[in-house]
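Worksheet for the structure shown next.
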Amino acid sequence: MEAVLTKPVKETVKTTGADAVLRVLVEEQTEFIFGYPGGAIMPVYDALYHYQDKIHHVLNRHEQGCIHAAQGYARATGRVGVVMATSGPGATNLITGIADAMIDSTPLVCITGQVGSHLLGSDAFQETDIISISMPVTKWNFQVTRAEELPAALARAFYIARSGRPGPVLIDITKDAQFGDLDFLYKKCQEIRSYKPVPKLDPNQVKKAADLINEAQRPFVLFGQGVILGKAEKEFKAFVEKTGIPSAWTLLGLSALPTDHPLNVGMLGMHGNYGPNKLTNECDVLIAIGMRFDDRVTGNLASYAKQARVIHLDIDPAEINKNVKVDVPVLGDCKESLTELTNQVRMNSHAKWLELFRKHDALEQETVIQDEIKPATGDMKMGEVIEEINKTTKGDAILVTDVGQHQMMACRYTQFNQSKSNITSGGLGTMGFCLPAALGAKLGAPERDVIAVIGDGGFQMTIQELGTIFQTKAAVKIVILNNSFLGMVRQWQQLFFDKRYSSTELENPDFVEIAQGYGIKGQSISERSALPEAIETMMKHDGSYLLEVHVGKEDNVFPMVPSGASVSDIRLS
Amino acid sequence: MEQKVFTISAFTENSIGLLNRITSMFTRRHLNIESLNTSESESPGIYRFTIVVKTTEEQVQKLVLQIEKQVEVLKAVYHVDEETVFQEIALYKVSTKSVADGNLVEKLIRDNNARILSMEQEFMIIEKTGHKAETQELLDFLRPYGVIEFVRSGRISVIKPMEESEDLRKRITNF
């Protein structure tokens, strides 16, 4: 009895800053650290030695690989990705990925080592001011110079990264803080007084939105990644099914609603589908859900949906009126907003209006799609490769793409049955994203097939991650759509720069042989007849596999809304 | 859209680097900050940034939302000049010999509502508070006598409507 009475509620543990970092990661249920060691983070790596049974450390081959892998992991699992790097170049190599995660709202905690606090500002070896450098591209960052600050700083980091609109957070830890002693006690962060991650839903705004939707003749839904980040796929589906509204996705909204859903009318934006772009300028009510009206989606704003009343559901108040003037903003967590909204809207169907989307689709099928996915003659096409992959995966795989023509083709033509299945670099358009992100996705979702569709350009930007795939034995299926060009830039050069192919042609190495060097099986094909078997072999292979497909060198992605043009001016050829 | 002078008031935590984070919002939009001041507000521990910027209302609206979005910012608002009372302070170092001649000192102190903070054999320090145009006027007046140093502070500003002040106070202290 006495022992019970004198025992403190929670005991502190005497330990070092470095050990405290690992203790926090365990408390936050971190499965993987994607990292790369170096001088200023060595105490943490030393402490990690004792945690190998609790946390897997993935040794990527470059810090950019670490962060993209963590992004892939976060996007596939919905959890916080954890990255570790040393000071100086280790930290600066993370910046591209941090910027990518910021613009695509991916939750990450990046831990960087820093020189000892007595050396700060002295131009010490591998010292960079990573706090200042990363400031514009982090949701929050913080430098820890004393061991006792670590638990609270890291608790905040995890809370900020995952709450509200997620994003990347960076914690920079000086070497003396890692060596220092503290009485460790971990309390998860639940709130920060200056930070309100989820705005309170205003019932009046929901009512206004519902009224507008109920009166609409030609309503149109645009859905983005907010639906996935808000874990609101079910609520979203219930909403569109009750209202019968045609719904189109942004690049990052893809997979929030199954692609074969009768109300899923396709992709928005520059290389999106014909109907969704054209009919944006014919709808009477535009309902944007968890999307941010990126310029690649809207084209010229001066002629974007001017006829429509706009409803915008978002968790981030700064998104309202940022690009498109909104009539009814509905701030809040879309899981809650959509539930409320669904309660207040009438059961409806918009058969005639939906028919118009079908007509536009029929035209696109005839002029673009069938030639792309079922060509009979000529060079192999990117679309047919994707179509062949669909036959095997039946919409159940995770697709990870890089940036460019192959990305647009893969996102246009891949089937998806479940959410969190499309992982791509949307906002930042980071070439080199795919290979490490696919690795992270596979580690996070080992039960799922992960297919990395990459161009020959982007593949070579982070080709070193073949080493990480080799070492982790992550069974990533790599499909290189090789056209020996930086295809999207070449397409623009053809269309807008009089075919002056300035520095876009690539002389490529033997990718299959390179993969073999890393112990990854593979093959290269150039004949249409070899495609089905090649895909089957890849998918059946136990382990990672690289399939190189030589496709037409000068094929283009259509439809296309030319840069600066209106969505109505979408071109089919 | 017409460009105007706006005063942004941001209420924040007191943390290292936040100034950097806030000013980078201006940098990335290619906006020049006219003046910036930061000090502890009436609520202990909560700091107040006063930032003057010349831009369009649409831009300043977006800017304020982006500032408020920062984790360590409690609240951010913007106002036009008519909605606030604002002031700047200027210090002038001039040669005692050239200024302390005849009735000049008395005239400039009286006319400008200025005061002398310090006087040495060689130099004197004059202080004047007012709007920029007013402190500028005194500077122009003193120039012929030789101004050794001149410095003007950033704008500080409070909001006129009582209701809004009270509402703000409530918002930044009720957590």
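Lettering follows sequence order; numbering is per chain, from 1. Quick caveat: nothing in here was measured; it's all calculated off a predicted structure.
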Within a radius of less than 6.0 Å around CD1 of B:Ile156, do more than 12 heavy atoms belonging to other residues, nucleotides or ligands occur? no
More than 12 heavy atoms of other groups within 6.0 Å of B:Arg29 CZ: yes
A:Lys188 atom NZ: more than 12 heavy-atom contacts under 6.0 Å: yes
d(A:Met135 CE, B:Gln70 CD) to nearest 0.5 Å is 9.5 Å
Measure the spacing between CG of B:Asn20 and CG of A:Asp129 and express it to the nearest 0.5 Å. 7.5 Å
Take a 6.0 Å sphere around CD of B:Glu34 and say whether it holds more than 12 heavy atoms from other residues, nucleotides or ligands. yes
A:Pro317 and B:Leu65 have their tightest heavy-atom pair at O-CD1, 3.7 Å
Count the heavy atoms of every other residue, nucleotide or ligand shown that sit under 6.0 Å from NZ of A:Lys335, and state whether that count exceeds 12. yes
A:Ile160, part contacting chain B, at a heavy-atom distance under 4.5 Å: side chain
Checking B:Glu13 against chain A: side chain, backbone, both or neither under 4.5 Å from a heavy atom? side chain
Greater than 12 external heavy atoms within 6.0 Å of A:Arg309's CZ: no
In Å and rounded to the nearest 0.5 Å, what is the NZ to CD distance from B:Lys62 to A:Glu319? 10.5 Å
Heavy-atom distances under 4.5 Å only: say whether B:Val71 touches chain A with side chain, backbone, both or neither. both
Residue A:Asp316 versus chain B: region with a heavy atom under 4.5 Å: side chain
Around atom CG of A:Asp123, are there more than 12 heavy atoms from other residues, nucleotides or ligands closer than 6.0 Å? no
Nearest 0.5 angstrom please: B:Arg21 CZ to A:Ser134 OG, how far? 7.5 Å
Between B:Gln66, B:Glu68, B:Met25, which has the largest tally of heavy atom pairs under 4.5 Å with chain A? B:Gln66
To the nearest 0.5 Å, how far apart are OG1 in A:Thr145 and CD1 in B:Ile16? 7.5 Å
Do B:Lys69 and A:Arg165 make a side-chain contact, defined as non-hydrogen atoms from C-beta onward lying under 4.5 Å apart? yes
Are A:Trp140 and B:Glu72 close enough that a side-chain donor and a side-chain acceptor fall under 3.5 Å? yes
Is the shortest side-chain heavy-atom distance between A:Arg193 and B:Ile46 below 4.5 Å? yes
Does B:Met162, at its CE atom, have more than 12 non-hydrogen atoms belonging to other residues, nucleotides or ligands within less than 6.0 Å? no
